[in-house]
Each structure stands twice: as structure tokens, then as C-alpha cells.
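We name chains A, B, ... by the order of the sequence lines, and we start the count at 1 in each one.
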Number of protein chains: 2
Amino acid sequence: MSVQIKFNLNEGLYIKNPQESKLGKKIIQFSIILISEIGFETFNFKKLATKINSTEASIYRYFENKHLLLLYLVNWYWEWVNYLINFYSMNITNTEKKLEIIVHSLIFATENNSLVEFIDESKLHKIIVFEGTKAYHTIEVDKENSIGLFKSYKKLTANIASIIKEYNPDFKYPKSLASTVFEMTNNQLFFAKYLPNLTDVKKPNNSEKEIEIMLNFYLKKLLS
Amino acid sequence: MSVQIKFNLNEGLYIKNPQESKLGKKIIQFSIILISEIGFETFNFKKLATKINSTEASIYRYFENKHLLLLYLVNWYWEWVNYLINFYSMNITNTEKKLEIIVHSLIFATENNSLVEFIDESKLHKIIVFEGTKAYHTIEVDKENSIGLFKSYKKLTANIASIIKEYNPDFKYPKSLASTVFEMTNNQLFFAKYLPNLTDVKKPNNSEKEIEIMLNFYLKKLLS
DNA sequence: TAATTATGAAAGTATAACTATCATTTAAAA
DNA sequence: TTTTAAATGATAGTTATACTTTCATAATTA
């Protein structure tokens with residue numbers, strides 16, 4: 001069984017909606033595979049074109065440049081995590097449990113849920129951990145922000161912040177904590193894998209579980 | 001009065017030590033100015049060469065490529081913050097005060113202390129906030145890590161972690177908290193400036209102070 | 001079946017990211 | 001002071017990236 005889900009991503013992200021054609025889906029599918037394999041800096045449209053037996057020109061009809069393609073993928077991820085959090089906390093009334101669902105969703109976004117057939121969520125998550133922040137650390141932030149290209153991140157942050165506030169209405173920094181939890185998760189996953197000296201993770205191959213425990217501890221301690 | 005300080009940065013960062021020649025210092029000085037002005041992606045050695053009335057070839061004699069130049073600058077920053085923390089906590093016995101010094105050093109690395117005449121610390125700090133993580137989110141992390149190019153970051157983290165442990169010997173995640181404080185500071189400074197919706201900062205022009213208060217709150221709460 | 005739209009194929013431009021060679025300047029050693 | 005070595009500049013060249021343009025062909029849709 002596969003549920004068909006389509007996220008409405010900001011139109012400024014693409015020239016032509018990749019979710020609405022065969023080639024578009026292939027671009028998304030294989031850009032995820034390629035970027036996760038060779039890294040964003042060495043990735044380019046020519047290599048992608050070769051991989052999918054298409055041409056550079058065709059890819060440029062969907063995305064203005066590789067930066068916007070990355071931003072598209074990152075937006076998709078933001079929407080996806082948001083969806084996961086809402087999905088898993090749907091019938092939950094216990095707010096503490098909801099905090100745990102946030103953490104779990106952020107870390108085990110790693111599992112290939114195959115929510116959408118052409119997106120390998122596990123590889124996408126790898127890209128987020130490795131390249132995610134590059135999507136907004138660009139000289140064009142202000143311009144891109146003004147046309148709504150980070151709306152999904154704001155929505156996700158607002159959603160997490162609302163759960164934080166639900167858990168502790170007196171907490172002064174719900175939004176900052178929300179964005180910090182997001183960034184910190186990816187950072188600690190990155191460090192655990194590549195620069196373990198910057199963390200306290202013991203088992204590098206099972207670091208997700210340790211990081212989950214740590215994040216839950218952080219959150220509850222801060223909000224107590 | 002100007003105290004002459006020279007950090008010993010890993011030799012793998014450069015081909016020829018830029019701190020030991022006039023041209024080398026100019027490369028550092030103006031790369032900081034240029035990158036902070038136009039951003040890392042649009043920065044290149046040709047533009048830098050033009051700015052300092054030199055040539056691309058000459059710059060390539062100091063740095064293999066612009067990525068390693070950035071990593072050099074980031075390493076310099078890690079050393080510098082570490083120096084600041086040690087300097088300001090030198091005669092302090094109160095461990096709580098030491099935590100505050102960490103936070104203050106990370107945030108107000110912003111002030112141009114002119115510790116070294118050819119480095120504008122305020123502009124360098126801007127680069128760290130904006131481009132810093134790009135220095136280690138690269139496909140070459142493992143290789144670069146193996147030859148010691150992140151040693152300064154590890155040293156800084158270890159130093160902060162030791163103060164954390166001094167404050168609370170039972171705390172389970174001193175290193176993770178140390179790297180998180182570093183990353184979180186830069187992130188929240190970035191968000192406050194460019195994506196304020198992701199934070200709780202009220203005055204965008206005086207966000208440093210607010211972030212400092214928040215970070216101190218986080219730290220003490222977590223370590224209590 | 002015609003008309004529209006999407007894609008492919010091929011070629012071309014501008015700039016980035018280097019490398020190589022040799023001349024000239026500057027600094028250090030004799 | 002002269003000689004020598006090292007550092008820098010000037011110039012040119014190579015390869016790759018990041019696009020753009022034009023036209024032909026294939027696939028849809030009306």
C-alpha cells in the first residue's frame with residue numbers, strides 16, 4: 001500500500017513543478033541519490049542529466065540552478081518532518097510524549113518510509129544532515145525569504161514551538177528552542193559520524209539512539 | 001599598544017604560511033573583507049587578486065583552493081575564541097562566571113579587538129556566523145579530519161567541555177553541550193538577523209544581548 | 001488529426017578553478 | 001657590495017562549470 005502525498009511547495013522554488021511530470025520526478029529522485037553520493041559541491045546538472053539520460057537544458061527547465069534544487073529538497077524535508085510530527089502525535093494527549101515524537105521524527109527521518117515513491121527519505125535525510133544549512137546560508141537569504149522560500153521551515157518551527165508551549169506555557173524561548181532542536185539534531189548526527197570528538201556518543205554505528213536519549217533529556221530538563 | 005599574537009595553525013591548511021610574509025597577511029586581511037562583503041560562493045581568487053593588486057597565481061602559492069582558505073580562517077577563529085575564553089577566565093575561580101565568559105566570548109567575538117593587526121575580528125565573526133559550517137560540511141571531512149584540520153575545533157570544544165564538567169561533574173554530555181553552544185550561538189545570531197521568525201528575539205538590532213541572556217539561561221538550566 | 005507542450009540534441013558563451021612558464025623584484029648570504 | 005636564492009608578477013593556457021539558445025522530434029491534449 002502506498003499513500004499518495006504531495007506537498008505544496010512554494011512556487012518560487014522551481015520553474016516547472018517537478019512533481020507533475022515523469023521527468024520532474026526523475027530529477028528529484030536521482031538528484032537525491034546523486035547528491036547523497038557525491039556531495040552538493042561536486043554535484044551538477046550535467047552529471048545528473050547523464051545519470052537520467054536527459055540533458056542539462058531539460059533540467060534547467062525545472063530548476064533555475066542547483067542551489068534552488070537543493071532548497072526544494074530541503075523544503076520537501078521540512079514539510080515531511082512536519083507531517084511526521086503531526087501524524088504521530090495525532091491522537092496523543094500526553095504532551096511529554098509529543099516532545100518525544102518530535103525528537104524521534106527528527107532523528108529517524110532516517111528510515112525509508114517510502115511515503116512518496118520517487119523519494120528515498122533515508123538518502124534525503126543524509127543530505128539534510130550534510131548539506132541542509134547550505135540551503136539558507138546564502139547571500140540571497142533576504143531576497144529568498146521575502147518571496148517565501150523558507151515558509152516550510154517557519155511552519156515546522158512554529159509547530160514544534162506550539163508543542164513546547166503546550167508542555168510549558170511559561171517557557172520564554174519556544175521558537176529558539178524549536179529551531180535549536182532541529183539544527184542540533186542534524187549537527188549531532190553529523191558530528192557523531194564525522195567528528196565524534198565533538199560529541200559524547202560512544203557507539204558510532206548506533207549513534208541515533210544515543211542522540212535521541214540526549215535530546216529528550218535536554219528538552220525535558222530545559223522545560224522543567 | 002598591540003600585543004603580537006600568532007596562532008599555530010595546522011600546516012595542512014596552507015601551502016605557504018600566510019602569517020609570515022607581507023603578501024600572505026594581505027591575502028588573509030582582504031579575504032576576510034571580501035568574503036564578508038560578497039559571500040563565500042561568489043568570492044574567488046581572481047577577485048581577491050584584483051583587490052590586493054596581486055595575481056591568482058600568487059594566491060595559489062599560499063592556498064590550494066578557496067575552501068582551504070575558508071578553513072584556515074575558521075581555524076583562526078576557533079583558536080581565537082579559545083584564547084578569549086582562557087584570557088578572560090584566567091583569574092576567575094567562580095565556575096558559573098566561567099560559563100558566562102564562554103557565552104560572552106562566543107557572542108561578542110563580534111567586537112573588533114584588533115588582537116592581530118591584519119585581522120578584522122568583527123568581519124571574521126560575520127563570516128563564521130554566515131559561512132562557518134561550510135568549512136566542515138564537505139565531502140572531504142574524513143580526509144581533512146585525519147590530517148588534523150579540525151584540531152582547533154576539538155581543542156575549543158574540549159576546553160568548553162572541561163569548564164562544563166567543572167561546573168557540574170555529573171553532567172553526561174559535556175562535549176555535545178560544548179559543540180552545541182558553539183553552533184547554537186552562531187545559528188541564533190544568524191536567525192535573529194535573517195530569519196527572525198525562527199527565534200524569540202525582539203530587537204533585531206540588539207539581538208546579541210538577548211541571545212546572550214538566553215544562552216546563559218539554557219546552560220545553567222541544563223547544568224543545574 | 002491538428003495543435004500544443006515537453007523533451008532531446010547540439011552548439012555556444014562566460015566565468016571559475018586551476019597550472020605552467022618566464023621575467024622581475026626583493027631579501028638573504030657570502 | 002655582490003651574488004644567489006626565494007618570492008612575486010605577468011601572461012597565457014587548460015579544463016570544467018554554469019548557464020543560454022535554437023531547432024528538431026516526441027508525447028499529450030483538444
TODO: Spell out protein contact along nucleotides 21-30 of chain D as letters: B when the base is contacted, S when just the sugar-phosphate is, - when no protein heavy atom is under 4.0 Å; keep the 5' to 3' order.
DONE: BB--------
Open item on the list: Within the 3.5 Å criterion, strictly below it, is a donor on B/Thr185 or B/Glu212 matched to an acceptor on the partner's side chain?
Closed with: no
Identify the heavy atoms of [X] and [Y] that sit nearest to each other, and give their distance.
X        : Y        : answer
A/Ala135 : A/Val74  : CB-CG2, 3.8 Å
B/Gly148 : B/Asn10  : O-ND2, 3.1 Å
B/Ser36  : B/Lys126 : O-NZ, 3.2 Å

Report the distance from atom [atom1] of [X] to atom [atom2] of [N], rounded to the nearest whole Å.
X       : N      : atom1 : atom2 : answer
B/Ile59 : D/dA7  : CD1   : C1'   : 14 Å
A/Lys26 : C/dT7  : NZ    : P     : 11 Å
B/Leu69 : C/dA17 : CG    : C1'   : 14 Å
B/Lys25 : D/dT8  : NZ    : C1'   : 17 Å
B/Phe45 : D/dA16 : CZ    : C1'   : 17 Å
B/His67 : C/dC18 : NE2   : P     : 12 Å
B/Phe40 : C/dA17 : CZ    : P     : 8 Å
A/Glu20 : C/dT7  : CD    : P     : 12 Å

So [X] and [Y], would you call those rings parallel, tilted or perpendicular, with 30° and 60° as cut-offs?
X        : Y        : result
A/Tyr136 : B/Phe191 : tilted
A/Tyr77  : A/His125 : tilted
B/Tyr194 : B/Phe190 : tilted

Using a 4.0 Å heavy-atom cut-off, does [X] contact any base of the nucleic acid, only the sugar-phosphate backbone, or nothing at all?
X       : result
B/Lys46 : nothing
B/Glu64 : sugar-phosphate
B/Lys16 : sugar-phosphate

- [ ] With a 4.0 Å heavy-atom cut-off, tell me which residues in residues 130-141 of chain B come close to DNA chain D, sorted by residue number.
- [x] none
Open item on the list: Does anything in residues 47-56 of chain B come within less than 4.0 Å of DNA chain D? Heavy atoms only, and list the residues if so.
Closed with: B/Asn53, B/Ser54, B/Thr55
TODO: Between D/dT8, D/dT20, C/dA17, spot the one nearest the side chain of B/Asn44, thanks.
DONE: C/dA17
Open item on the list: Less than 6.0 angstrom separating the ring centers of A/Trp80 and A/Phe7, yes or no?
Closed with: no
Open item on the list: Determine whether the aromatic ring centres of residues B/Tyr153 and B/Phe182 are separated by less than 6.0 angstrom.
Closed with: yes
State whether [X] places a side-chain N or O below 4.0 Å from either non-bridging phosphate oxygen (OP1 or OP2) of [N].
X       : N      : value
B/Tyr62 : D/dT8  : yes
A/Ser21 : C/dT7  : yes
A/Asn65 : D/dA18 : no

Open item on the list: Heavy-atom nearest nucleotide on DNA chain D for B/Leu23 versus A/Glu41: which residue maps closer to 5'?
Closed with: B/Leu23
- [ ] Compute both the distance and the angle, then confirm whether B/Lys16 meets the cation-pi test with B/Tyr62: under 6.0 Å from the six-membered ring centre, within 45 degrees of the axis.
- [x] yes
TODO: With A/Glu79 as reference, evaluate A/Lys155, A/Lys154, A/Lys6 under the salt bridge (charged side-chain N to carboxylate O under 4.0 Å, His left out) test and give the passing residue.
DONE: A/Lys155
Task: Residue pair A/Lys134, A/Leu70: steps toward the side-chain contact (heavy atoms from CB on, under 4.5 Å) verdict - done: CA-CA 9 Å; A/Lys134 293 173 190 168; A/Leu70 176 66; 4.3 Å; yes
